[in-house]
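This structure is a prediction, so every number in the text was calculated from the model and none was measured. Every number for a ligand or one of its atoms is a count from 1 in the order of the listing. These numbers come from the heavy atoms of this one structure, side chains and all, not from hydrogens, waters or symmetry mates.
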Amino acid sequence: MIEITDVVKAYPLGEGEVVAADRLSLSIGAGEFVAVVGRSGSGKTTLLNLLAGIDRPSAGTVRVSGTDLGALSESALAEWRGRNVGLVFQFFQLLPTLTVAENVMLPMDFAAAIPAVRRRDRALELLDRVGIGDQAGKLPSTLSGGQQQRAAIARALANDPPLLLADEPTGNLDSHTAGAVLDVFAGLNAEGRTIVVVSHERDIRSVVDREIVLVDGRVVADEGVTA
Ligand code: ADP
Ligand code: MG
């Protein structure tokens, strides 16, 4: 499903540059649940942003389900992302003035892949799916951190993307809540969704199938993990 080939991502820094992805090559199959780990600055977010088409490689190719992301225009890329990728962030990034259900409906409104008359019901179903159906009409600020992250996961599922990408989704949660959120991802993976999650949690190894370790923008280990 994902094919990254000889990808370099360099950012200018002073007179030189920072190489955040250094000839990265890896492939991830449909249905895999993969953790990307490594120290701060090792290139984890860069890798996710390349997969999401948020960043473009300086060299090399990123293919997702056969689409060469580097070949798409900005607007085509935004449309592709809206339909094919669900993104989850450390700080949830829910819009504070919209209810939880409205936050989940927003990507449906942008992508227009789900018929307008279905969107509210679908949002409620997704919120049920992640265990917070009873919070649908509330504002995000009235929810706990774990509930907000569940809402963000429901939002990521809005357009039924085959690929979920999560950047330190448990980084702002206590360990008990973090475990419960990782269980939500595990359930989604069990239903067949491909998930790539960046994590600092030691616990991540107990839920994923595979762990990729980055150091200085390179893969230094890539191995299957068994719970
Ligand atoms: P991680 O998520 O593992 O902490 P990042 O992918 O965010 O790592 O960053 C990898 C390297 O690239 C770091 O040295 C970081 O400072 C640099 N970097 C990331 N984004 C930018 C940017 N937009 N401009 C300049 N340097 C960046
Ligand atoms: Mg990061």
Handout entry: Where K9 and R56 come nearest, the two heavy atoms and their spacing
Key = NZ-O, 2.8 Å
Problem - N, O or S of T45 under 2.8 Å from the Mg ion (ligand 2) - result: yes
Handout entry: NZ/NE/NH1/NH2 to OD/OE distance under 4.0 Å, D222 and R210
Key = yes
Handout entry: Lys/Arg-Asp/Glu bridge criterion (N-O < 4.0 Å) met for R39, D216
Key = no
Report the nearest protein non-hydrogen atom to [atom]: residue, atom name, distance rounded to 0.1 Å.
| atom | answer |
| --- | --- |
| atom 6 (O) of ligand 1 | T46 OG1, 2.5 Å |
| atom 8 (O) of ligand 1 | G43 N, 3.2 Å |
| atom 7 (O) of ligand 1 | T45 CB, 3.7 Å |
| atom 23 (N) of ligand 1 | Y11 CE2, 3.5 Å |
| atom 3 (O) of ligand 1 | K44 NZ, 2.7 Å |

Problem - Sub-4.0 Å protein heavy atom near atom 16 (O) of ligand 1 - result: no
Practice task
Please indicate, with yes or no, if any protein heavy atom is found under 4.0 Å from atom 11 (C) of ligand 1?
Solution key: yes
Problem - Numbered atoms and elements of ligand 1 in range of R39, under 4.0 angstrom, heavy atoms - result: 3 (O)
Handout entry: A20 neighbourhood, listing ligand 1 atoms whose heavy-atom distance to it stays under 4.0 Å
Key = 10 (C), 11 (C), 12 (O)
Practice task
Taking the side chain as every heavy atom from C-beta outward, state whether S199 and K44 have any atom pair closer than 4.5 Å.
Solution key: no
Handout entry: Close approach of G41 to ligand 1, heavy atoms, under 4.0 angstrom
Key = yes
Handout entry: Candidate list R122, R119, R120, test salt bridge (Lys or Arg N to Asp or Glu O under 4.0 Å), partner D109, passing option
Key = R119
Practice task
Sort out for me which residue in I54, L77, L50, N84 forms a side chain to side chain contact (heavy atoms under 4.5 Å, CB included) with L69.
Solution key: L77
Practice task
Check whether the side chains of T61 and D68 place a donor and an acceptor atom closer than 3.5 Å, and report yes or no.
Solution key: no
Problem - I2 CD1 to L165 CG distance, which is reported to the nearest 0.5 Å - result: 6.5 Å
Practice task
Report yes if some N/O of V18 lies less than 3.5 Å from some N/O of ligand 1; otherwise report no.
Solution key: no
